K.L.:
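Have a look at this one before I ask anything.
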Amino acid sequence: MEKKDYLTIWGYLQTLKDILEEKAKDVAARGGDDNALIAGQYLKECSEIRAMQEKIDKEVEGLQ
């Protein structure tokens, strides 16, 4: 893969992470234990996406 490809994927992941963070905020604002669990799951997915982005960052550094 080329650097451009990695950066495109990184951008798609960022968009997905932004969407999930917004959903987490919306669900958490509704209150309640069930909504807190759902919000927590969204944030866990955001964390996993960030970990993928960090791996991409390291891979791109190696291409320079």
Side-chain angles (χ1 to χ4, degrees):
M1 289 179 65
E2 296 179 15
K3 181 178 177 179
K4 177 186 71 139
D5 299 323
Y6 283 110
L7 295 176
T8 299
I9 293 168
W10 194 99
Y12 291 147
L13 289 171
Q14 183 64 37
T15 301
L16 178 57
K17 187 168 74 85
D18 292 344
I19 290 168
L20 291 172
E21 285 174 343
E22 191 62 34
K23 285 185 174 196
K25 288 178 191 175
D26 291 344
V27 169
R30 293 184 210 144
D33 291 341
D34 289 339
N35 288 337
L37 290 173
I38 294 169
Q41 183 61 38
Y42 283 138
L43 293 176
K44 180 181 176 204
E45 291 175 16
C46 290
S47 176
E48 292 170 358
I49 290 170
R50 183 63 198 139
M52 284 187 260
Q53 287 177 311
E54 289 173 3
K55 288 178 183 178
I56 290 171
D57 289 341
K58 289 179 184 175
E59 189 68 29
V60 168
E61 285 176 14
L63 294 175
Q64 295 176 349

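Keep in mind that what you see is a predicted model, and the values were worked out from it rather than measured.
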K.L.:
When rounded to the nearest 0.5 angstrom, what distance separates NZ in K25 from CZ in R30?
P.N.:
14.5 Å

K.L.:
Report yes if the side chains of M52 and I9 come closer than 4.5 Å at any heavy-atom pair, otherwise no.
P.N.:
no

K.L.:
Closest approach of A24 and A39, non-hydrogen atoms and distance?
P.N.:
O-CB, 3.6 Å

K.L.:
Calculate, to the nearest 0.5 Å, the distance between atoms CG and SG belonging to D18 and C46 respectively.
P.N.:
8.5 Å

K.L.:
Could you report the tightest heavy-atom contact between I56 and Y6, atom names first, then the distance?
P.N.:
CG2-O, 3.7 Å

K.L.:
If I take atom CD1 from residue I19 and atom CD from residue Q14, how far apart are they, to the nearest 0.5 angstrom?
P.N.:
10.5 Å

K.L.:
Following the transitive rule for hydrophobic clusters with a side-chain heavy-atom cut-off under 4.5 Å over Ile, Leu, Val, Met, Phe, Trp and Tyr, establish whether M1 and V60 coincide in one cluster.
P.N.:
yes

K.L.:
Is there a continuous path of hydrophobic side-chain contacts, each under 4.5 Å between heavy atoms, that joins I49 to Y12?
P.N.:
no

K.L.:
In the structure I gave you, are the side-chain heavy atoms of L20 and L43 within less than 4.5 Å of one another anywhere?
P.N.:
no

K.L.:
I need the L13 CG to T8 OG1 distance, nearest 0.5 Å.
P.N.:
11.0 Å

K.L.:
State, yes or no, whether a side-chain contact exists between K17 and Q53 at a heavy-atom distance under 4.5 Å.
P.N.:
yes

K.L.:
Strictly distance-based, threshold 3.5 Å: is any side-chain N or O of N35 a donor or acceptor partner for the main-chain N or O of G32?
P.N.:
no

K.L.:
Would you call K58 and E54 a salt bridge, using N to O less than 4.0 angstrom?
P.N.:
no

K.L.:
Find out whether W10 and D57 are in side-chain contact, i.e. whether some heavy atom of one side chain is under 4.5 Å from a heavy atom of the other.
P.N.:
yes

